[in-house]
Amino acid sequence: MQAMTTEMERRFVEARRTYVRRDFKNLNDRQLEAVLATEGPLLILAGAGSGKTTVLIHRIANLLKYGRASDSEELPEGADEAMLAALEQGGEAGLAAARLYPVEPWRILAITFTNKAAGELKDRLTRMLGEEANDIWACTFHSACVRILRRDAERLGFPSNFTIYDTADSQSLVKHILKDQNLDEKSFAPRMLLAEISRAKDAQIGAARYLKEARASGDIRRIRIGEVYEEYMRRMFAAGAMDFDDLISFTVKLLQENEEVRGYWQRRFRYVLIDEYQDTNHLQYLLSSILAGGSGNICVVGDDDQSIYKFRGATIENILSFESEYKNCRVIRLEQNYRSTGQILDAANSVIRNNLGRKGKELWTNKDRGNPIVLYMADNEHEEAQYVASSILGDYGRGQNWRDHAVLYRMNAQSNQLEYAFKRNGIPYRIVGGTRFFDRAEVKDVLAYLCVIASPSDDLRLNRIINNPPRGIGARSVELAQEIAYREGLSLIEVLRGADRYPELSRAAIRMRQFAALLDELHERAKEITPDQLLDELLEKTGYLRMLEEKNTVEDTARAENVREIKTSILGYQKESGDRTLEGFLADVALYTDLDSYDKDADCVVMMTMHSAKGLEFPTVFIVGMEETIFPGIRAIGEPEEMEEERRLCYVAITRAMRQLHLVCAKQRMIFGRTTSNRVSRFVDEIPESCLQKKNMQRGYGYHERREEPGFAHKAPAVRPPVHAPAPPVKKATPATDFSLGDRVKHKAFGVGKIVKMTPMGGDFLIDVEFDRIGVKKLMLRVAAMNMEKL
DNA sequence: CGCACCACAATTTTT
DNA sequence: TTGTGGTGCG
């Protein structure tokens, strides 16, 4: 066969690129470029709503189907004119010529931040590529590390079935240590200690070095912290446990220090993709760069403007300095937004423009201008919530779904009034975040049982359950036993087993031995039966469920319900993963969050913090509490860096909205039991006036407006209106109460109905209205009257 | 040992 | 305002 000429080689490469391109017709130019640039380091700056996930999916599809064909000059073996012709023709026949080292799915590592994102990625990949997609590693940093560590944790001295401590576990451990070291929780706040330990781990400073440096500095406080750190690591190690940071830092350590392990993974992964790169910390950066170190094919996707987790150690530097870190890297900006209308994007752009130190990006859209952003000023937090509720009722009446609406706030504490308003108005809602299912005390208790059964040396969890339900082993006895354990170098359960041998335990010794025997028995049973069966046995034999059922209060019934719910979750795991091991379930649970269970399909208004909203979108979004000291939060005021993070948060919140955005503030509000009066958020001022439709706005509260009295905003008692704003007419909250039993009414959202029941309640009435379309609804009359007329 | 009461503090939190 | 954690009593 005649070798191809240079000219033909050029044509071949060109034709091949065109061939591959045909598979991705539905992408825009920038997206396409990002999909085709498979080789070497690549930074994709993906603005909000720019089709980032689509790009990731197609990029992977490209790798699997064509390998590096779209991004290489290399010709396949035996390239000849016939192949070139087939390519140029563009038919099925060209496929063989177009492929260049197609990638095996298991050579692709795609890392996201949430299980939810990972799950979505997997789903979409499976839908597009079929079963083959199952071999792709699409997971979170943490779950990737768990998989790596399960294989080689022994090299670090950990058992391969190490347990994972969540934040609450870590906190509880720190508290124990503080107590043992006679340190005061006031001056050594566990939260602060953990943050410091986390920072040290991120900087790869081990406890020994931390302590050494602290001693050298002579700073007594740092020495104490170092001692806590050291003890923390010691106990974690003894318990065979790792916290979230450890998962990453030990993986990095393992890879850095062990050439064999490093080589194994580097040879395995040819393509590494990292999503939400702006949220990575230093350690995660290291991990990704090591894992991609074999091939050098690292693709990171992120948006510096959406970095909102600095407080968790994320460093925006990672994304800002990617270009200098990887000298030959390519940068692609995705700026076309497919989500929001023009005015919403204008608002987002002009807010974020006020930040310094960004890569610079401007979102644009083909969509029309859309509706202006509604800016509403409520009298107080009560009315704020009612405004949101009424607006949603109106939309619902016009045919929109509840689920098309999201209410975003800065802090969870703001959700209360909204909840009441939704309840009063009969609006179905759902709160994402807050206390999570797996953070509830009763759930943690039961999981602690399972943990101890799985790994008996887990002293921390054993401590949690040793006298729960009460079995006559008091705090003092536990303390004594724990002391003995330290002294003898045993784990707590070993002391319990041989409790007779320690005279100081005299009184509780029998019960201790009984309890240890029970745990040992369950430990043995765990080898024979499935986790769900074990759970049943455990709840029965420990008397835990009985304890809750006997109490019979509302709370305890709910708790018992939650405990039973764990079974659902175990069964779900067994079904999903096909795995029947207790360890597997526990590892999964440790990395599970509530966000994962957020169900898009239920028709409910969604309430959550702006942080939780990242990555989601809704036709209509309400951002409430648009006031200085709330958003931006008080802690950010006067702190330029923090302020920029708040502004990014604002950018994230605004860009969640597809069609309609409401910004709501209140002239005064009660927060943490105090009434305050704040000016309108500076972020509102950063939005062009032309995008805003002001409702109920009153002068004197603007951020930009000069204050007549110095310090007014901080000192003025809530009740006093600003001097130059005439006192607003006092709005009587009492609505027309001329509704009575049997009335035919027309409600803004629920349509026509009849009042079938009226129950006096707290100076108001709870009414049951039988609506023609949707049946009976319970509403508070006073509130309902605002949205309802008599027929 | 367990419960009741009081003081206190209180962003955000993908794992 | 809410939740939590510590103390003191039965």
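Chain letters run A, B, ... following the sequence lines, proteins first, then strands; residues in each count from 1.
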Just call it for A:Asn467: base, sugar-phosphate, or nothing, with non-hydrogen atoms closer than 4.0 Å on any strand.
sugar-phosphate
Tabulate below the donor-acceptor pairs under 3.5 Å that side-chain atoms of residues 634-644 of chain A make, not counting sequence neighbours, or state none.
from: A:Glu644; atom 1: OE2; to: A:Leu356; atom 2: N; distance (Å): 2.7

Name the nucleic acid region contacted by A:Tyr309, choosing base, sugar-phosphate or nothing; use a 4.0 angstrom heavy-atom cut-off, strictly under.
base
Hey, which sits more toward the 5' end of DNA chain B by its nearest nucleotide, A:Ala636 or A:Ala314?
A:Ala636
Glycosidic conformation of B:dT12, taking syn as within 90° of 0 and anti otherwise:
anti
Starting from P on B:dA9, measure out to CD1 on A:Ile671 and report it in whole angstrom.
18 Å
Rounded to whole angstroms, how far apart are CG on A:Asp169 and P on B:dT13?
19 Å
Near A:Arg150 CZ, under 6.0 Å, is it more than 12 heavy atoms from other residues, nucleotides or ligands?
yes
Tell me, please, whether A:Phe618 has A:Arg339 positioned over its six-membered ring: NZ or CZ under 6.0 Å from the ring centre and within 45 degrees of its axis?
no
Would you kindly give the CE-to-C1' distance between A:Met608 and B:dT13, to the nearest whole Å?
15 Å
For DNA chain B, whose closest nucleotide is more 5', that of A:Ser143 or that of A:Gly472?
A:Gly472
Minimum side-chain heavy-atom gap A:Leu286-A:His282 below 4.5 Å:
yes
Just compare C:dT1, B:dG2, B:dT12 and give me whichever is closest to any side-chain atom of A:Met670.
C:dT1
Base, sugar-phosphate alone, or nothing: which one does A:Leu408 contact when heavy atoms must sit under 4.0 Å apart?
nothing
Does A:Ser612 put a side-chain nitrogen or oxygen below 4.0 Å from OP1 or OP2 of B:dT12?
no
Find the distance A:Phe672:CZ to B:dA10:C1' and express it as a whole number of Å.
4 Å
Listed nucleotide nearest any side-chain atom of A:Asn412, set B:dT11, B:dT12, B:dG2
B:dT12
Contact state string [nucleotides 2-8 of chain C, B base, S sugar-phosphate only, - no protein heavy atom under 4.0 Å]:
S--SS--
In whole Å, what is the span from the CD atom of A:Glu642 to the C1' atom of B:dT11?
10 Å
NA contact type, A:Arg476, heavy-atom cut-off 4.0 Å: base, sugar-phosphate, or nothing?
sugar-phosphate
Atom pair distance, as rounded to whole Å: CG in A:Asn468 and P in B:dC3
11 Å
Select base, sugar-phosphate, or nothing to describe what A:Ala475 touches, counting heavy atoms under 4.0 Å on all strands.
sugar-phosphate
What nucleic acid atoms does A:Glu276 come within less than 4.0 Å of, heavy atoms only: base, sugar-phosphate, or nothing?
nothing
Does atom NZ of A:Lys423 have more than 12 heavy-atom neighbours, drawn from other residues, nucleotides or ligands, at distances under 6.0 Å?
yes
Within the structure shown, what part of the strands sits under 4.0 Å from A:Arg471 by heavy-atom distance: base, sugar-phosphate, or nothing?
nothing
Which residue, A:Val252, A:Thr140, A:Leu254, A:Leu287, forms the side chain to side chain contact (heavy atoms under 4.5 Å, CB included) with A:Cys145?
A:Leu287
Expressed as a whole number of angstroms, how long is the span from A:Glu645:CD to B:dT12:P?
14 Å
Is the A:Phe422 ring parallel, tilted or perpendicular to the A:Tyr429 ring (thresholds 30°, 60°)?
tilted
When rounded to whole Å, the NZ to C1' distance for the pair A:Lys614 and B:dT12 reads 12 Å
On the 0 to 90° scale, with breaks at 30° and 60°, tag the A:Trp265-A:Trp137 ring pair as parallel, tilted or perpendicular.
tilted
Could you measure between the two P atoms, the one in B:dT12 and the one in C:dG5, and give it in whole Å?
16 Å
